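Structure record follows, encoded as structure tokens.
What you see is a predicted model; the values in this text were computed from it and never measured.
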Amino acid sequence: NLGYSLQKRYEAFIAATGNVITIEEYALRFGNKGSANPNYKRLFSNQLYFPLYYPSKVTAQGGDGMKRVLKIEELFERAKIDWKQYAEIDEPEYFDVREKSFKILSYNEEMKAPEFRKVNTLVIKPAASTMYIVESAAGFFECSPTHAVYTKQGYKTVEELPEEFETLDADGNWLITSKRSIEKKVPLLDLEVEGNENYFVGGMLSHNTTGGYAIKYYSSWRGRITRI
């Protein structure tokens with residue numbers, strides 16, 4: 001029994017958003033957030049109140065060399081980019097953050113080993129009307145249909161994959177992975193990793209520039225580039 005108060009908040013969340021998740025998932029994602037606010041409909045209908053129901057996390061390397069797990073939006077916040085103000089953009093926004101020296105866990109396909117590589121660019125893309133939740137034993141993340149993950153058949157977009165497939169984790173293990181769609185519209189946060197052009201999100205290997213746009217070929221997309 002997860003508690004009467006939690007049960008009521010869970011029921012209000014389902015009624016307001018239409019999302020289909022279990023009460024255990026709700027408790028894991030939100031805990032006691034919002035318990036002091038009785039206005040559940042406003043709280044949960046405002047998608048920017050909880051920017052990511054399933055926060056997409058990467059592994060970063062601090063200046064002391066220690067690993068730290070961060071939500072992707074935290075990279076934007078550390079670069080002082082207010083990504084929420086880009087909710088209605090029609091073209092992607094690129095932010096050159098090479099001078100920030102952000103490093104996240106990536107995968108060297110030649111060496112077949114994980115390594116930390118520098119983040120060159122942070123990207124905000126126009127919102128998609130449908131998102132996917134991708135989950136495995138390593139974790140979970142939220143993404144657009146065109147987000148590319150590494151499978152035994154190479155990189156594949158989430159929308160073209162079956163409901164169950166396998167992804168690669170940082171230890172070189174193939175994990176049974178599932179996907180399911182949710183109706184949600186928020187700006188898409190992405191990044192470009194130096195050299196390897198991939199990164200681990202939710203513990204699973206993904207291609208950088210989720211959505212398939214080639215950030216390194218700036219001329220292929222209209223979009224403003226801002227140096228941070």
Side-chain angles (χ1 to χ4, degrees), residues 29-30 33 46-64 66-107 116-134 139-149 158 170 182 184-218 221-228:
R29 311 310 180 201
F30 299 120
K33 288 181 180 178
N46 180 358
Q47 294 182 350
L48 290 182
Y49 191 92
F50 292 120
L52 297 173
Y53 295 138
Y54 287 65
S56 303
K57 297 180 180 180
V58 296
T59 301
Q61 185 179 49
D64 56 5
M66 299 294 291
K67 294 181 180 180
R68 290 180 174 83
V69 177
L70 299 175
K71 291 183 287 187
I72 286 182
E73 60 264 37
E74 289 184 77
L75 292 176
F76 286 78
E77 291 164 3
R78 292 184 178 207
K80 301 189 183 307
I81 301 168
D82 183 7
W83 61 271
K84 294 179 184 178
Q85 70 174 320
Y86 297 92
E88 303 298 329
I89 60 173
D90 295 318
E91 303 289 345
E93 295 274 350
Y94 303 105
F95 300 89
D96 184 339
V97 294
R98 285 174 291 184
E99 293 185 1
K100 296 293 183 182
S101 298
F102 295 148
K103 289 186 178 181
I104 64 171
L105 192 62
S106 180
Y107 187 73
F116 284 96
R117 296 302 296 262
K118 190 174 182 179
V119 176
N120 283 343
T121 315
L122 295 177
V123 188
I124 304 173
K125 297 176 182 174
S129 58
T130 299
M131 301 285 282
Y132 278 92
I133 305 300
V134 177
F140 53 82
F141 61 87
E142 186 178 64
C143 67
S144 71
T146 51
H147 179 84
V149 296
V158 171
I182 59 172
K184 182 179 178 182
K185 190 173 182 179
V186 293
L188 303 176
L189 305 183
D190 202 0
L191 48 86
E192 177 201 14
V193 178
E194 182 180 67
N196 293 338
E197 298 185 358
N198 62 41
Y199 60 99
F200 288 94
V201 56
M204 294 163 274
L205 184 60
S206 293
H207 198 278
N208 64 190
T209 70
T210 60
Y213 313 137
I215 293 180
K216 63 182 179 180
Y217 301 118
Y218 290 116
W221 260 86
R222 289 181 300 151
R224 183 170 54 195
I225 305 171
T226 304
R227 186 177 299 278
I228 302 296

For a quick test of reading the model, state the closest non-hydrogen atom pair linking [X] to [Y] and the distance between them.
X	Y	answer
Phe200	Ala170	CE2-N, 3.4 Å
Val58	Tyr199	CG1-CD1, 3.8 Å
Ile89	Glu93	CD1-CG, 4.3 Å
Pro145	Ala128	CD-CB, 4.3 Å

Distance, nearest 0.5 Å, that separates [atom1] of [X] from [atom2] of [Y]:
X	Y	atom1	atom2	value
Tyr94	Lys125	OH	NZ	7.0 Å
Phe102	Glu74	CZ	CD	11.0 Å
Ile72	Lys57	CD1	NZ	11.5 Å
Asp190	His207	CG	NE2	10.0 Å
Asn208	Ile104	CG	CD1	8.5 Å
Lys84	Leu189	NZ	CG	11.0 Å

With side chains defined as the heavy atoms from C-beta onward, is the minimum distance between [X] and [Y] less than 4.5 Å?
X	Y	result
Val149	Ser206	yes
Leu75	Val97	no
Phe76	Ile124	yes
Ile182	Glu142	yes
Phe116	Lys67	yes
Ser106	Asn198	yes
Glu77	Trp83	yes

Point to revise | Residue list, side chain to side chain contact (heavy atoms under 4.5 Å, CB included) with Glu194, at least two apart or on another chain | key: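 Scan of Glu194 (side chain to side chain contact (heavy atoms under 4.5 Å, CB included), adjacent residues dropped) gives Arg117, Lys118, Asn120.
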Check your understanding: With sequence neighbours excluded, what pairs up with Ala127 under the side chain to side chain contact (heavy atoms under 4.5 Å, CB included) test?
Key ->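 Ala127 satisfies side chain to side chain contact (heavy atoms under 4.5 Å, CB included) with Lys185 once adjacent residues are dropped.
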Point to revise | Check against side-chain contact (heavy atoms from CB on, under 4.5 Å), His147 and Val134 | key: CA-CA 10 Å; His147 179 84; Val134 177; over 6 Å; no
Check your understanding: Which residues pass the salt bridge (Lys or Arg N to Asp or Glu O under 4.0 Å) test with Arg78, sequence neighbours left out?
Key ->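 By the salt bridge (Lys or Arg N to Asp or Glu O under 4.0 Å) rule, Arg78 matches no residue at all.
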